[in-house]
Enquirer: 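Handing you a structure now.
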2 protein chains.
Amino acid sequence: MRQETIQPVSDTSATQRTYLALRRLIVIGDIKPGEKLKIEGLRAKLHTGASPIREALSLLTSDNLVERIDQRGFRAAPTSQANFEEILALRCELEDMALRMSIANRSEAWEEDVVLSHHRMVRAKSRGDEDFEDMHKAFHLALLENCNSPILLKFCSQLYDLNIRYRYLAGSALNYKQRDVSKEHEGIMNAAIAGDVEAACEQLLNHYRKTGAFLVGLLDEADLA
Amino acid sequence: MRQETIQPVSDTSATQRTYLALRRLIVIGDIKPGEKLKIEGLRAKLHTGASPIREALSLLTSDNLVERIDQRGFRAAPTSQANFEEILALRCELEDMALRMSIANRSEAWEEDVVLSHHRMVRAKSRGDEDFEDMHKAFHLALLENCNSPILLKFCSQLYDLNIRYRYLAGSALNYKQRDVSKEHEGIMNAAIAGDVEAACEQLLNHYRKTGAFLVGLLDEADLA
DNA sequence: TACGCAAGCATTATCGATTTTTTTGGCATT
DNA sequence: AATGCCAAAAAAATCGATAATGCTTGCGTA
């Protein structure tokens, strides 16, 4: 009988798992903005050693989700209205840029990716799936994916995560006020696929600004810190 | 007699020192693009333990200077003409944006900072100081500093470092062909201080594009990897 | 009472050793 | 000659313990 190659204990490293777990905790607000991230506490919570934690925190620093203070440990990045507005403004600028480039390089393969990720998002939503948020992000990034500028894409992805954090902070109020977000998504997708740069960008930015304005309203009430 | 508080062994952490050292080695090209970064080797070279190295490398990952491959270690980010052109294009877009904002928020304090950092750069240059490169970066960032958008600033700073790496790769040929870079710097500074947005931005982008075109020429000859 | 100092405590940072995983090189088989 | 398999070596990842550092509290003094 064929000797089964020994299965690795896990297919990802402890650092990777810790990174994803911590990132999630911060983004969804389970770890509060400004909160001190004590190694010991996390070690217990995530069942792993100090090294993976430390490394994961270093990685999160680059994502602007964690602040590292030399000799004084780590803390979750603080939030503020100014920070939110900065993120919104940058997102509008950078995504506009990326979407224009993406459409300029338009190809059938890309159009298919966009349609596919949109479909998956819609499906996840109608099912009430856990991973709707992931699909939502995937859709938005798929739109930009074709821009042929990995660094720009990375910036957009980072900003997306920073932004979504505020969505969670604002609470579930958003779920009700569902506007016609689905329509907006469709509109963006269709314009993008049709190669209508101006329409696509205008709708995308509108989409962000509407959500943004709404969020600012909510954040005023809920205190951030 | 007043009891002297015990001096710390060093005023910065080993991680911080390692981070700066490694970053420098990569930017100036002492560590080649794509080169494997073995922990043991670096441990010996930098006289420190594995933990600080590992952490420093994680931090450099966020700067796009190091790639992390799960379970397979780290390597210096590879270079390519496409990558260089991407950096150049992004820099033009983002710095243009930042400079416009900076000028829009213009204040006396900021103008003084700009003048000061320019002076220091000129002085370092005339003296042939080691730290001319640092001063040069400081000057360019000072121009943008007033944009009131820390994240944008961070992006610009990152892109600056990525770009300068190519300058070093192209070799010292640049030192001779000194065009009239000093004039260009002055022009940018004066326009910025005078609040002439269009002139300042135009000159800044020209400055980058000229250097960029020149570099692309050199990079064609020298093989990058 | 307010201030400065110092000891004790909490936490971070670092090291050295161990465990896992990947890579390499040789050997047998087709 | 090429392929696949295994064992040995190299490297990365992780752990547990220790050293360094920052923070807090309580005491003595003015």
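Every chain is numbered from 1 and lettered A, B, ... according to where its sequence line falls, protein lines coming before strand lines. A quick note: this is a predicted structure, and the numbers were derived from the prediction, not measured.
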Enquirer: For B/E55, enumerate each residue passing the salt bridge (Lys or Arg N to Asp or Glu O under 4.0 Å) test, keeping only those at least two apart in sequence or located in another chain.
Expert: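 For B/E55 the salt bridge (Lys or Arg N to Asp or Glu O under 4.0 Å) partners, ignoring immediate neighbours, are A/R54, A/R68.
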
Enquirer: Could you state the atom-to-atom distance from CG of B/L57 to P of D/dT14 in whole Å?
Expert: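 In whole Å, D/dT14 P lies 15 Å from B/L57 CG.
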
Enquirer: Output the rounded distance in Å from CZ (B/R75) to C1' (D/dA12).
Expert: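 Interatomic distance, CZ of B/R75 to C1' of D/dA12: 14 Å.
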
Enquirer: With A/H140, which residues qualify under ring pair (Phe, Tyr, Trp, His ring centres under 6.0 Å), at least two apart?
Expert: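 Expected list: A/H136, A/H185, A/H207, A/Y208.
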
Enquirer: Under the salt bridge (Lys or Arg N to Asp or Glu O under 4.0 Å) test, which residues partner A/R72, sequence neighbours left out?
Expert: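 A/R72 satisfies salt bridge (Lys or Arg N to Asp or Glu O under 4.0 Å) with no residue once adjacent residues are dropped.
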
Enquirer: Measuring to OP1 and OP2 of D/dT14, would you say a side-chain N or O of A/T15 lies under 4.0 angstrom away?
Expert: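 Yes, because at least one side-chain N or O of A/T15 sits under 4.0 Å from OP1 or OP2 of D/dT14.
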
Enquirer: Would you list the pairs meeting ring pair (Phe, Tyr, Trp, His ring centres under 6.0 Å) in which at least one residue belongs to residues 12-50 of chain A, sequence neighbours left out?
Expert: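 For residues 12-50 of chain A: none.
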
Enquirer: Not counting sequence neighbours, which residues clear side chain to side chain contact (heavy atoms under 4.5 Å, CB included) with B/S102? List them please.
Expert: B/W110, B/N146, B/C147

Enquirer: What pairs with B/K137 under salt bridge (Lys or Arg N to Asp or Glu O under 4.0 Å), at least two apart in sequence or on another chain?
Expert: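 Checked B/K137 against salt bridge (Lys or Arg N to Asp or Glu O under 4.0 Å); matches are B/D161.
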
Enquirer: Output all residues satisfying salt bridge (Lys or Arg N to Asp or Glu O under 4.0 Å) with B/D30, sequence neighbours left out; order by chain, then residue number.
Expert: none

Enquirer: For A/Q16 and D/dT14, give me the distance from atom CD to atom C1', rounded to whole Å.
Expert: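 The distance from CD of A/Q16 to C1' of D/dT14 comes to 15 Å, rounded to the nearest Å.
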
Enquirer: A/N83 versus A/I87: any side-chain heavy-atom pair under 4.5 Å?
Expert: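 They are in side-chain contact.
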
Enquirer: Kindly write out the residues that satisfy side chain to side chain contact (heavy atoms under 4.5 Å, CB included) with B/R165, not counting sequence neighbours, or none if the list is empty.
Expert: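 Testing B/R165 for side chain to side chain contact (heavy atoms under 4.5 Å, CB included), a comparison that skips the adjacent residues, returns B/I26, B/P33, B/L65, B/A76, B/A77, B/T79.
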
Enquirer: Return the polar atom pairs (N/O with N/O) between nucleotides 9-12 of chain C and the protein under 3.5 Å, or none.
Expert:
| residue | atom | partner | partner atom | Å |
| --- | --- | --- | --- | --- |
| C/dT11 | OP1 | A/K38 | NZ | 2.8 |
| C/dT12 | OP1 | A/K36 | NZ | 3.1 |
| C/dT12 | OP2 | A/I39 | N | 3.3 |
| C/dT12 | O3' | A/G73 | N | 3.4 |

Enquirer: Run through DNA chain C and report every stem of 3 or more consecutive Watson-Crick or G-U pairs, distances under 3.5 Å, ordered by first number.
Expert: C:1-30 with D:1-30

Enquirer: Just the rounded figure in Å: distance from C1' of C/dT14 to CD1 of B/I53.
Expert: 12 Å

Enquirer: Is there a residue in residues 41-51 of chain B whose heavy atoms reach under 4.0 Å of DNA chain C, and which residues are they?
Expert: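 DNA chain C contact set from residues 41-51 of chain B: B/T48, B/G49, B/S51.
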
Enquirer: Which pairs with one or both residues in residues 64-91 of chain A pass ring pair (Phe, Tyr, Trp, His ring centres under 6.0 Å), sequence neighbours excluded?
Expert: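 Counting only pairs at least two positions apart or across chains, the ring pair (Phe, Tyr, Trp, His ring centres under 6.0 Å) contacts touching residues 64-91 of chain A are A/F84-A/Y166.
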
Enquirer: Please check if atom CZ in B/R24 has more than 12 non-hydrogen atoms from other residues, nucleotides or ligands closer than 6.0 Å.
Expert: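 Count not over threshold, so no.
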
